Amino acid sequence: MKLVFATNNPGKLKEVQEILPNSIELLSLKDIGCDEEIEETASTLEGNAQIKANHITENYGYNCFADDTGLEVEILNGEPGVYSARYAGEPANAENNMNKLLNSLKTKENRKARFRTSICLNLNGEQFLFDGICKGNILTQKQGEKGFGYDPIFQPEGFIKSFAEMSSNEKNKISHRGLAIQELVKFLKDFK
Ligand code: IMP
């Protein structure tokens with residue numbers, strides 16, 4: 001079966017391909033000739049994942065899944081959430097986003113946060129949603145050089161390291177996206 005992952009991020013593609021059964025051929029947006037920007041205009045992660053998956057299924061006719069992730073900070077009522085990529089404004093910039101968040105939490109004791117990934121799968125005319133959550137804390141300063149986005153200031157629950165101090169293997173096992181992908185793969189393996 002051919003299945004489109006609505007992304008051009010090589011890291012994400014590799015992570016999924018590695019755990020998918022061989023019977024599923026994973027295609028990227030580039031592979032199907034989709035180079036238009038798909039506007040993520042929803043106010044929820046699920047909504048944005050749905051917009052991306054539906055765009056591909058409706059315009060290109062493929063079974064497809066799409067993901068959307070946000071960092072939800074408890075004391076900020078779930079912000080930046082669906083707006084995580086552009087928290088500090090346009091153009092998206094990870095350093096500015098982290099600085100803004102560290103500033104917002106400067107005087108706060110409660111530093112609880114969670115990453116949440118929502119995946120929307122369109123398969124043979126049906127739609128399925130999957131969720132992955134990784135709980136943790138926002139550090140008071142950046143730690144580590146690996147990863148991307150908010151990784152240097154996110155410390156997953158039960159670990160001393162930040163995400164940016166973990167290997168991608170280590171991170172994928174416990175991360176929001178890793179967990180959501182595991183749910184998706186489990187579902188695809190059982191799907192008849
Ligand atoms: P996306 O939906 O995967 O594009 O994620 C939206 C935004 O959330 C990214 O631009 C990052 O700022 C942030 N983000 C998503 N996943 C991660 C992660 O694993 N580590 C750090 N930041 C992330």
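Being a predicted model, the structure only gives us computed values, none of them experimental. This chain uses plain numbering: 1 for the first residue, then up along the sequence. One-based numbering, in listed order, for ligands and for the atoms of each.
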### Query
Could you state the interatomic distance from CD1 (I19) to NZ (K186), rounded to the nearest 0.5 Å?
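Here the interatomic distance stands at 11.0 Å.
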
### Task
Would you please name every residue forming a side chain to side chain contact (heavy atoms under 4.5 Å, CB included) with F159, sequence neighbours left out?
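For F159, the residues satisfying side chain to side chain contact (heavy atoms under 4.5 Å, CB included) (neighbours in sequence not counted) are P156, M166, I174.
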
### Message
I need the full list of salt bridge (charged side-chain N to carboxylate O under 4.0 Å, His left out) pairs touching residues 50-66, with sequence neighbours left out, sorted by first then second residue.
### Response
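For residues 50-66, and leaving out neighbouring residues, the salt bridge (charged side-chain N to carboxylate O under 4.0 Å, His left out) pairs sorted by first residue read E40-K52, K52-D68.
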
### Task
Output all residues satisfying ring-ring contact (aromatic ring centres under 6.0 Å, His included) with Y150, sequence neighbours left out; order by chain, then residue number.
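ring-ring contact (aromatic ring centres under 6.0 Å, His included) check on Y150 returns nothing, list empty.
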
### Query
Parallel, tilted or perpendicular: which fits the ring planes of F154 and F163, with parallel below 30° and perpendicular above 60°?
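Plane angle between 30° and 60°, so tilted.
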
### Message
Just to be sure I understand the cut-off, which residues have at least one non-hydrogen atom under 4.0 angstrom from an atom of ligand 1?
### Response
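Heavy-atom contacts below 4.0 Å: K12, D68, T69, S84, A85, F115, F148, G149, Y150, D151, K171, H176, R177.
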
#### Entry: Residues E74, R114: salt bridge by 4.0 Å N-O rule
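Not counted as a salt bridge, because no side-chain N and carboxylate O are separated by less than 4.0 Å.
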
